[in-house]
Amino acid sequence: MSISLIIIGFLVGLLVISTGGGGAAIYLGLLTSVFGLAPAVAASTSLVTAFPSLLVGAYGHYRTGQIHFKVGNQMLMTAIPATIVGALVAPYISSIAYTWIVAVILTGLGIQILIKRFLSHGNHPVQHQGIQAAIYGLISGIMVGVAGLSGGGPIIAGLLVLGLDMLPAAATSAYVLVGTSLVGLLFHLSANNINWSVGLSLMVGAVVGAFCAPRLLAKVDAAKLNAYVKPFMGVLLIIMGLRMLV
């Protein structure tokens with residue numbers, strides 16, 4: 001088990017649970033652009049890596065009382081069926097198309113994070129708008145099923161649009177992503193194309209990072225943390241997405 005992979009997993013797990021992502025997009029980018037795994041193998045491996053840390057992170061947020069279950073359940077109602085449809089369609093997508101889909105999603109998520117970081121200011125009253133929540137859940141589910149991403153981008157963006165501030169949005173996002181990632185993981189496991197040697201090392205580090213994240217958030221200024229972390233994550237995703245096309 002590689003110490004370097006465990007450290008990378010820890011850092012990613014710590015960062016994404018702190019900011020409401022699932023981490024699979026980061027893992028997917030690393031597995032394809034750095035470790036050279038095929039997109040389909042990287043998709044399955046990224047979900048295996050991300051799911052345990054999501055579970056640990058969501059439980060930590062639950063204990064702090066930050067999860068908004070009503071809006072989270074509204075998202076899950078469309079996200080889970082979309083994940084199933086996406087997973088059923090994924091095996092019929094060619095490797096070239098798969099590469100393009102993953103690259104576009106990674107780049108789009110990076111741009112979305114940067115826009116959200118620099119254009120979203122101030123807190124607004126929470127508005128549980130069912131239709132908007134359902135749409136964001138639908139997009140997230142498709143991303144999970146087809147590309148092996150955790151779908152955290154549209155979920156956290158949707159929660160912020162609906163009026164949640166950063167900490168409850170991160171907590172609720174983790175809750176939603178546990179459901180979608182589990183469904184996506186079950187489908188990708190059946191394909192039997194997981195690189196366990198890489199995935200297990202990342203998973204161990206990610207679980208430790210996810211365990212620490214809610215506790216650290218209770219002690220630090222989340223706004224200052226996101227001011228530095230979000231731009232870094234956005235730029236990193238864009239670079240990884242574009243590198244797949246070069």
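Both backbone and side-chain heavy atoms feed into the values below; hydrogens, waters and symmetry mates do not.
Under the 4.5 Å side-chain criterion, counting only non-hydrogen atoms from C-beta, L31 is in contact with S46. The closest side-chain heavy-atom distance from Y175 to Y59 is not below 4.5 Å. Between L200 and V48, every side-chain heavy-atom pair lies at or beyond the 4.5 Å cut-off. No side-chain heavy atom of F10 sits less than 4.5 Å from a side-chain heavy atom of V207. The shortest distance between side-chain heavy atoms of T107 and V104 does not fall below 4.5 Å.
Residue-environment remark: CZ (F35) exceeds the threshold of 12 foreign heavy atoms within 6.0 Å.
The only member of L88, L138, V183 that meets side-chain contact (heavy atoms from CB on, under 4.5 Å) when paired with T83 is V183.
Residues I194 and L186 are members of one and the same hydrophobic cluster, defined by side-chain heavy-atom contacts under 4.5 angstrom among Ile, Leu, Val, Met, Phe, Trp and Tyr. Follow the hydrophobic side-chain contacts under 4.5 Å out from I135 and you never reach M77; the two are in separate clusters.
Put simply, the side chain of T172 never gets that close to the backbone of A169: no donor and acceptor are under 3.5 Å apart. Side-chain atoms of T78 come within 3.5 Å of backbone atoms of A134 as a donor-acceptor pair (strictly under, hydrogens ignored). Without hydrogens or angle criteria, T45 side chain to N195 main chain gives a donor-acceptor distance under 3.5 Å.
Across all their heavy atoms, M75 and A133 have their closest contact at CG-O, 3.3 Å.
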